[in-house]
Undergrad: 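Please find one structure pasted underneath; my questions will follow.
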There are 2 protein chains.
Amino acid sequence: MKTVPLQSAKKSAVSCHNCSLSELCLPRGLNREELDLLESSINKTIKIKKKDYLFHRGDNQKAIFAIKAGAIKTSLSTPDGEEQILGFYLPGDLLGFDAFARDRHTCDAQALDDTLVCELSMDNFQELCGKLPIMRGQMMRQIGTEIEREQMLLLTLGQMRTEERLATFLSSLSERNKDRGFSQAEFNLPMARHDLANYLGMAVETLSRMFSRLQEEKIIAVQHRLVKIEDMGRLKQLAHHTCRPASDVL
Amino acid sequence: MKTVPLQSAKKSAVSCHNCSLSELCLPRGLNREELDLLESSINKTIKIKKKDYLFHRGDNQKAIFAIKAGAIKTSLSTPDGEEQILGFYLPGDLLGFDAFARDRHTCDAQALDDTLVCELSMDNFQELCGKLPIMRGQMMRQIGTEIEREQMLLLTLGQMRTEERLATFLSSLSERNKDRGFSQAEFNLPMARHDLANYLGMAVETLSRMFSRLQEEKIIAVQHRLVKIEDMGRLKQLAHHTCRPASDVL
DNA sequence: CGTTGGATTGATATCTGTCAAGCCCGGTGG
DNA sequence: CCACCGGGCTTGACAGATATCAATCCAACG
């Protein structure tokens, strides 16, 4: 857990107009005027060091967050120290909707890497929702996305064997990269094996073996965190259980 | 799938005042005046025969439902015919919040038994929310409950072994019975082994063996659908992974 | 009563977790 | 620049858990 110097990001530096993620993030669907309003409402961009927390379970909700760079995992932990990772959030993803119903976060959010997030305070968010009807709809849709994402994960954990789970995950990550304008066939995994194994409900060793097996089957080529999908057809076939094309978030 | 005559339930028969479930259902927290308003907004009480559907995934949301008698399961199904059961809803539970974010249901809802539900149309519900601030809060809290419930299930499927999963389920069901004023030590399971096994992500045979094992260990006594909890302490200990006392819905 | 579908039990195969060893790479200090 | 860590990752061997297949069993119901 060391400190890596991050690009300086002061309040004045916030600019949704220039942000390359604007098509994925809150600005989506807003016109220039609305965008100005949003931009002036963003409180600040904050830096989170690897392994630090953005929020904890039970914390009062102070803001909605948008990931600008890095990666965040959300998880539940049990009294006896075990955890279940619930999701991975990447640049362009919005975070914090889990607290919407109770004003308190239902899970922990920890940085997998040094991370930069934009913060929109709840006050400003509420005000914005008052002014911009489109924002209200986006709020509800985000909660819906959250629920659907969790339901898909339930299906994955409850019905699939380990190889299928990994195939489903890789297929989904590939879709997300495509949405972001990156390669859908070659990308880096944003998380360590340990975290991915936990998310997929299996032992690290099993995950490693499944990576190897997919590689033997010439479906992917993997080297540490770099994954190349060599046979998208067979990958998707393995992930056949998946209900719908892809959800917005892993 | 046969037809069993259900108690006749016409519009005029709706009465939240007399309903034994009022402490668990929408009326909770409402005063007499508000209750009158709610009661007059309930459109009707509808009967659903065993194995019939209350709604399907993708259906437009028409109403919020409250279970009066019987039981409903919600599930996701895959193109290749497999399903993952997401939850079981019992008398007093509210159903339909899954569609809140998109106006479309995210899962199927099927009756496990002949079932009676009260229907509150979305129009009436929205109007009621306008008049009664307390209802607005209840709506958001319901969505939150839904999310937390699914997160708990993810933890169960992802981290526990089969015996612990069953222990967690039984412990949770016991709590719910207590909330309803029924015995927390002895109750009937509302679902078949097949459905419970699916919900808990295991084979029917494994579930059956785990029932037998818990019985051998003198933690429970089980005879078909009747379960007696003989050693609540050890049951809860087995379910130790559980984060919080109990959620409102299984 | 006989039928039927759900539930249990047993035998076995398969999958997955666990333990242990080794590998690889990046970081550190000489 | 190189040798030496140390952590994450992979691999192998094995044990244990769970699924599968098959045979009853049992209760509900006609």
Side-chain angles (χ1 to χ4, degrees), chain A residues 1-5 50-51 71 73 82-85 112-114 156-167 169-170 188-217 220-227 238 241, chain B residues 1-5 49-51 71 73 82 84-85 112-114 156-167 169-170 188-217 220-227 238 241:
Chain A
M1 194 188 327
K2 63 195 146 163
T3 311
V4 168
K50 184 171 177 172
K51 295 196 179 176
K73 70 172 182 189
E82 292 204 58
E83 76 168 341
Q84 171 66 40
I85 294 177
L112 293 173
D113 207 340
D114 294 313
T156 304
L157 293 182
Q159 305 301 324
M160 299 186 195
R161 49 194 56 220
T162 55
E163 188 181 25
E164 295 172 315
R165 290 184 212 171
L166 177 55
F169 172 80
L170 291 175
N188 275 292
L189 298 174
M191 75 292 290
R193 295 286 191 273
H194 171 83
D195 284 327
L196 184 51
N198 177 290
Y199 177 72
L200 295 175
M202 62 182 89
V204 186
E205 295 93 329
T206 305
L207 176 63
S208 185
R209 279 184 246 276
M210 292 309 134
F211 269 118
S212 301
R213 188 194 290 183
L214 287 179
Q215 184 157 263
E216 279 165 28
E217 296 169 324
I220 64 170
V222 58
Q223 199 178 19
H224 308 115
R225 291 192 176 191
L226 179 65
V227 174
L238 263 176
H241 282 288
Chain B
M1 193 181 336
K2 62 196 142 164
T3 311
V4 168
K49 279 183 293 189
K50 184 171 176 172
K51 295 195 180 177
K73 70 171 183 189
E82 292 203 58
Q84 170 67 40
I85 294 177
L112 293 174
D113 208 340
D114 294 314
T156 304
L157 294 181
Q159 304 301 322
M160 299 185 195
R161 50 193 54 221
T162 55
E163 188 181 24
E164 295 172 314
R165 290 183 213 171
L166 177 55
F169 172 81
L170 291 175
N188 275 293
L189 298 174
M191 74 293 290
R193 295 287 191 273
H194 172 81
D195 284 328
L196 183 52
N198 177 290
Y199 177 71
L200 295 175
M202 62 182 90
V204 187
E205 295 93 328
T206 304
L207 175 63
S208 185
R209 279 183 245 275
M210 291 309 132
F211 268 118
S212 302
R213 187 193 291 183
L214 287 179
Q215 185 157 263
E216 280 164 27
E217 296 170 323
I220 64 171
V222 58
Q223 199 178 18
H224 308 115
R225 290 192 177 191
L226 179 66
V227 174
L238 263 176
H241 283 288

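By convention in this document, chain letters (A, B, ...) are assigned in the order of the sequence lines, proteins followed by strands, and residues within each chain are numbered from 1. Worth saying up front: this structure is predicted, and the values here are computed from it rather than measured.
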Undergrad: Is the phosphate of D:dT10, meaning OP1 or OP2, less than 4.0 Å from a side-chain N or O of A:S208?
TA: yes
Undergrad: Take atom CD of B:E216 and atom P of C:dG10, then tell me their distance rounded to the nearest Å.
TA: 9 Å
Undergrad: Within this structure, what is the CD-to-P distance between A:E163 and C:dG17, rounded to whole angstrom?
TA: 14 Å
Undergrad: Can you measure B:L207 atom CG to D:dT18 atom P for me and round it to whole angstrom units?
TA: 12 Å
Undergrad: Looking at every heavy atom in both A:L112 and A:P190, which two are closest together, and how far apart are they?
TA: CD1-O, 4.0 Å
Undergrad: Ignoring hydrogens and angles, are the base of D:dC21 and the side chain of B:E205 linked by a donor-acceptor pair under 3.5 Å?
TA: yes
Undergrad: I'd like to know if A:R213 reaches the base of D:dT10 with its side chain, counting only an N/O donor and acceptor under 3.5 Å.
TA: no
Undergrad: Which sits closer to the 5' end of DNA chain C, B:F211 or A:M210, going by the nucleotide each is nearest to?
TA: B:F211
Undergrad: To the nearest 0.5 Å, how far apart are CD1 in B:I85 and NE2 in B:H194?
TA: 6.5 Å
Undergrad: Quick one: B:L112 CG to C:dG6 P, roughly how many Å, whole number?
TA: 13 Å
Undergrad: For B:M202 and C:dT14, give me the distance from atom CE to atom P, rounded to whole Å.
TA: 23 Å
Undergrad: Find out whether B:K73 and B:M191 are in side-chain contact, i.e. whether some heavy atom of one side chain is under 4.5 Å from a heavy atom of the other.
TA: no
Undergrad: Which whole-number value in Å describes the distance from A:H194 NE2 to D:dT10 P?
TA: 14 Å
Undergrad: With nearest nucleotide decided by heavy atoms, which residue, A:R225 or A:R161, maps closer to the 5′ end of DNA chain D?
TA: A:R225
Undergrad: Could you state the interatomic distance from CZ (A:R165) to OG1 (A:T206), rounded to the nearest 0.5 Å?
TA: 9.5 Å
Undergrad: Can you measure A:M160 atom CE to C:dC15 atom C1' for me and round it to whole angstrom units?
TA: 17 Å
Undergrad: Counting only side-chain N and O atoms of A:S212, is one of them less than 4.0 Å from OP1 or OP2 of D:dT11?
TA: yes
Undergrad: Please report, rounded to the nearest Å, how far the P atom of C:dG6 is from the CG atom of B:D195.
TA: 10 Å
Undergrad: So, do B:N198 and B:Q84 sit near enough that their side-chain heavy atoms are less than 4.5 Å apart?
TA: yes
Undergrad: Is a donor-acceptor contact shorter than 3.5 angstrom present between the side chain of B:R165 and the base of D:dT18?
TA: no
Undergrad: Using the side-chain heavy atoms of A:A203, tell me which of these nucleotides is nearest: C:dT8, C:dT18, C:dT9.
TA: C:dT18
Undergrad: Could you check which of C:dT16, C:dG10, C:dT18 has an atom nearest any side-chain atom of B:R209?
TA: C:dG10
